[in-house]
Amino acid sequence: MSGRAPGGLVVGVDIGNSTTEACLGLVDPDGQVTYLGTALTRTTGVKGTPDNTDGALTAIRDALARAGRDSAEVRTVLLNEATPVISGLAMETITETIITESTMIGHNPTTPGGEGLGVGTTCSVGDLAEQPPGQPVVCVVPPGWDFDDTAAAVNAAVAAGVDVVAAVLAGDDAVLVTNRLTRPVPVVDEVAAVEKVPLGMLAAVEVAGPGRTIRTLSNSYGLATVFGLDPAQTRQVSPVARALTGNRSAVVVRTPSGDVTDRRIPVGELVLHGAGKTLRVDVDAGAEAIMDAVGRAQPLEDARGEPGTHVGGMLAQVRDTMADVMDSPGLPAVPVAEIAIRDVLAVDTFVPAEVRGGLAGEVALENAVALAAMVSTSRSRMQVVADRVSEGLGAAAAIGGVEGEMAVSGALTTPGVDRPVAVLDLGGGSTDAALLTRDGRATAVHVAGAGELVTKLVHSELALGDREVAESVKRCPLAQVESFFHVRHEDGTVQFFETPLPPEVYARVVVLTPEGPAPVGTRHRLDHVRRVRREAKRRVFVVNALRALRQVAPGGNLRELDFVVLLGGSALDFEIPDMIADALAPHGIVCGTGNVLGTEGPRNAVATGLVRAHAAAAVPAAREPVP
Amino acid sequence: MTSTAPRQSSAARVSRRTEVLEARPVNLDGFVEEWPEKGLVAMESDFDPTPSVRVEDGRIVELDGKERADFDFMDTFIANHAIDVASAERCTAIPSVEIARLLIDPRATRDDVLAVTRGLTPAKVLDVVKLMNVVEIMQGMQKMRARRTPANQAHSTSARDNPIQVAADAAEGALRGFAELETTLGVVRYAPLVAIALQVGGQVGRGGVLTQCALEEATELELGMRGITAYAETISVYGTESVFIDGDDTPWSKAFLASAYASRGIKMRFTSGTGSEVQMGNAEGKSMLYLEIRCILMAKGAGVQGLQNGSISCIGVPGAVPGGLRAVAAENLVASMVDLECASGNDQSFSHSSMRRTARAIPQLFPGTDFVCSGYSAVPNPDNMFAGSNFDTEDYDDWNTIQRDFQVDGGLRHVREAEILQARNKAARVLQALFRHLDLPAITDDEVEAATYAHSSNDYPLRDVLADLKGAQAVMDRGITGLDLVRGLEAAGFHDVAENLLMVLRQRVSGDLLQTSAILTPDFVPLSAINDPNDYAGPGTGYRLEGERWEELKKLRHVTSATNPETEVG
Amino acid sequence: MTALTRDDYPLSINRPDLLHTPTGKPITALTMDAVVSGELSAEDLRISSETLLLQAEIADASGRPQLAGNFRRAAEMTAIPDAEVLAMYNALRPRASTGEALAELADRLETTYSAPVCAALVREAAEVYGRRDLLARPTGDDD
Amino acid sequence: MTTPTAAPPQRTVTLREVGPARRGTRPDEVVVAVSPAFAGHFSKTIVDVPHAEVLRQLLAGIEEQGVTARVVRIRDTADLAALAHVAARLSGSGISVGVLSRGTTIIHQRDLPRLSNLELFPQSPLLDAPVFRMIGSNAAQYAKGESPQPVPTRNDQMARPRWQAKAALLHLKEFECIEAGQGPLEVEPVFGSSAAG
């Protein structure tokens, strides 16, 4: 760095995972910096690879253009030393619910008919007329039967003395049929596979009133009473009762060997190397067990998953992708063996899944584990990028500093911040932390899991079927459209509109995107969607903030930290910064979203830090020039 | 195919022959009786007006039996802009039979006819073509087509909006001979990626092919202005005031839009067609052809260079009434005889019967039009996002054979498998490299391989739609233009494709493609009604399928060699 | 300069000397080298009003007065920004503008953009719209 | 298990006139508006679905959701959006279903612009009894302030050659039955059975 004439324009360029930022400063001979402008553009290619050149040049030219300066005036361009970080996501479902021999129909049709409990022998609607009088009968109606015809058949049988106590229908006809019965009975409908309901068996049908849930069939002793079970049999049917809890309607058919099981699916092992140990943990043991093992293997040196499982495939793919992006012509290839998984984050989640063996598309919430993994390599291609930037711009370009250190330096330009300071960079694939101690030493870590994992959790837990919707649920606040002229926001406030809202959002839960309200394709109510969203953010960002800060905090003690500055795209989120601040408050930490240079918000920290570092180096005596 | 079963025969016993006939696909088509009072009639209606015109002080004050005070806005626009006032009274006074004869008389040149037609009123034009049978209509078309050399246009779309498919099918289509390629979307937000794919694929197949992407006006115009597409044609006009208003436009708004396109150097034509007004229930009791003639003259008056007509999306209506396809042939002729470029329909699913499908195209294919189809499906019809065309990829060999049988030029040719595979593969690779350069969602080698050998969208790996849509948005946000595409193609090492695209973009600066019936030859020579005017003057004149082009069209997939009958040539 | 004839067409081949971009570059400057070096911007690939007037001459010489008229309106419109062109088009839709609004639009075309031919088209539209009940009604339409 | 009899009785409907339609006050009602020629001049849709079945299924879909329904006949227009919009403004919930004789159907809401809609089913040849049931059900769910999944729309490229002209003809005929100046009429559907086959 010596021998360079002081003064002139300096551009700091931060190549991040998704954005490339530039900071243009005029550095005086005495090390004073005048900031002239900043710019932000998309990162081209994977961070840390030669493809970054185009994006870097765009950002530099933008910054120059905004300041009305010419590239000929640029003395030097400074790039951050950034190691490529690639992250991957996988999810394994670890439980499944199986119904054998059709004993239970626990699904929740939106509109069952009648109310109460009916217990009798199953009988097809077509055979009702032949039933002996006085025997309680549960009428089973196959698809294709019109509601008027069904009601007429039941009424005729009842008139003839057949004791019809309940009905199970294929179509969505329960209310229609009930409304037409001379003697109303509980009716459960929308049982798509009604033909699989065994006939001639004892069955119970229960429907609760609107807004209520069933009481008898969801109670093991209720089942025992209805079917006359002994204690051993009661024990056996208790999963049935559990599965029906919370439903408004249910059908249980007693068959000789019917059963409901809730079984764990073995999904293979995760093998963790670190701290001189090799630990093995079953993925189906859940997030807590996995994170416990990860904690014991710190610092993690590598992780592998069982081939043939989602986790194994994901870890292998992350490794291969890294090998591919490091592969550039004219440079020696990076052996895959040198690419190691440096962090894993496991999160417990659930996946709504159709119950195997169900008759009506019953859905159970199955447990699942989501995993994020991160790979980094010590080799970076940033020098190549610097050479190409230099060539493209016609000015000198060099590596000006390491990313984490530069980020802290840039964060220090936030008004009200002082050393020791830690920064948390909340990105898409990884959460990064760095610490600058009072005496100027810096440390930095990357941990796996960030915005993309949140999107995945929201997507699967709400069964949205569209990742783009999940993305907007993550990013934007929710509201309920209550009429064409008003919405109720998730905090309960009401907003009115002059012009009517578009028809596709009518009566729906919507996300308030910058382009306007967009419908969320879900039957869930707003409260549930909100809870899922916040819980996903908590499990990823709050957990990772604590994990990452503990890794940089002296002695792993969060109380040693005074200031935490949040940076990166997710620091612009409408609730994540508050959630992290709340979690850090008990540790006596001042935490907030950065405002680099007092103007840039949580953006441009690294680029600014690069310019500051250069200015400081130009005048070795000067200490941390204040902007 | 159809949602309902074929018609039920009555309970009474029918013959085996009737059973066979009932099972014929043609009986799945719908046919209706005429109802002239409501405009459900092709071209022969007692309720159409009688021709008349009166000029006072250089202004038309009476048009087809109506005084100026009673003009609706179509009458007004046509009287003010479409009809040559100086010759109107003289031309309209010429007996219709004389004008009809002029149309088929080889001794009268195209210009001789234009000297008369420029002064005709809508009812007079109708009166003339009503005298002509379908063979005479075809004779008239042969002479009146604006460009001497006929051409064809293709649809290149994907049921999954897969840009790789669009690029590969565009390349194949261009190679097979289409002069224009048109696309549209299932998911509209995919448009930027698909429009880029169409443009790039087209230039791989054959330099100078022109492309368009049918969208709502603002986006379509923006893609054009950025040089991602080269022309536009889905600007609809209608024959009655009420239907025009239902479409939220007027002749003046459309005329303004026409100039807007020209002001950005973008070729443009209007769209209209018989049946649209009665379909919308507001034919005002006029025949389909009379109303279409009003559309044609409105387009003429707006100063647009051409028109896509031939019933287009309403083809089921004229197709169901007596003489309907004669009217459709006549509307193409009228567009040509008032000196407009005519892209002559044959672009929508028309019949269950292959025989009817073929017959429907004869009046355009045999005499030749500026674009025989305004959308031959260069993808299998299930992938056709214009709701299916009259011809698709499965008809390629039939089309080529018919061209060879009758020695007519329908704009296509047989291409050998190796060449097609090469073009498809290259189109996919070029798009792969371009997307990579522009940092758009990656195209894998598997997708390139799939594109090379695919038939339909089902043959391609599924794309990450979310990533694609973000990429598409990025194209708009980052302001990517045709110039960026050229730069990217050049940087990716596809100099020839980059050069082809640059040549197409240069045409916007010259404005040569704005002239009537303009297309670009493979040598980037603009070919229009000005430098390639139709000079038909009877047998032995005009465009003749001969020489090199005829040799090209003699080739088919399987032709037994005369030299060695044990082998095939081709 | 004498008026162009059909023989001058295509201008890109027969008369490249007449063709310039709106930025003043000759059409021959639109080369691959210029693209690659970054000398060209999207503005260089637009048509100029002069070129549209040349094409109008050719259209006239080919017996297409309406097409020539369209090119003359287009020549005037090259000066109007994209968004405003679309806004003007929307203003001409049925019942989108009052008579006064259309009169103002015509004045703006004439004074701000020196576009008398376009202005005349708008004035004609205003007259016809008035007669055919296609002007915007003063109050919001309830139905 | 037995199946229903092979030839179900052919149901019929007559629309008994009750009087001029009034604005409803019940927030739990959907108004079904039928066009001038529905179950009058015409008796079935373009693909021969009896109007009795169309109405029965629409009403059943509404009833199954626990919502009440009123039926009105619009006499002065056969424009689908217009007649449904009139009905929406008569509806206590603001929700209406409009249906034309040929089967084309729409779900409307009173605060929407007339030409807009909540759901539109323009392809009349593709609408059968189950679809009409789902349309009724969705309309009722909108009335309850719920957020139903839109009824899946179908498409058929070959509908054009088979049905386009007949649709135009039916459209024109329906227009013939317009009685200008006649306000909406509340009607009571009376279903019968012609006991066919």
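Bear in mind that the values here come from a model prediction, so they are computed numbers and not experimental data. Just so it is clear: chains get the letters A, B, ... in the order the sequence lines come, proteins before strands, and each one is counted from 1.
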For the atom pair OH (A/Y506) and CD (D/E119), what is the distance rounded to the nearest 0.5 Å? 12.5 Å
When rounded to the nearest 0.5 angstrom, what distance separates NE2 in A/H524 from OG in D/S147? 12.0 Å
So does D/K144 have more than 12 non-hydrogen atoms from other groups sitting under 6.0 Å from NZ? yes
Report yes if the side chains of [X] and [Y] come closer than 4.5 Å at any heavy-atom pair, otherwise no.
X      : Y      : result
A/D148 : D/R11  : yes
D/D111 : A/P500 : no
A/D146 : D/Q57  : yes
D/R56  : A/F147 : yes
D/Q141 : A/T110 : no

Interface residues of residues 482-490 of chain A facing chain D - non-hydrogen atoms under 4.5 Å apart: A/F484, A/F485
Suppose a student defines contact as a heavy atom less than 4.5 Å from any heavy atom of chain D. Which residues in residues 174-187 of chain A would they list? A/A174, A/V175, A/L176, A/N179, A/R180
When the 4.5 angstrom heavy-atom criterion is applied to A/D189 and chain D, the contacting part is side chain
Turns out that what part of D/R110 lies under 4.5 Å from chain A's heavy atoms comes down to neither
Side chain, backbone, both or neither of D/I95 within contact of chain A (heavy atoms, under 4.5 Å): side chain
Give a yes or no on whether the backbone of D/P148 and the side-chain of A/R508 come within a donor-acceptor separation of less than 3.5 Å. yes
Are A/D172 and D/R133 close enough for a salt bridge, meaning some N to O gap below 4.0 Å? no
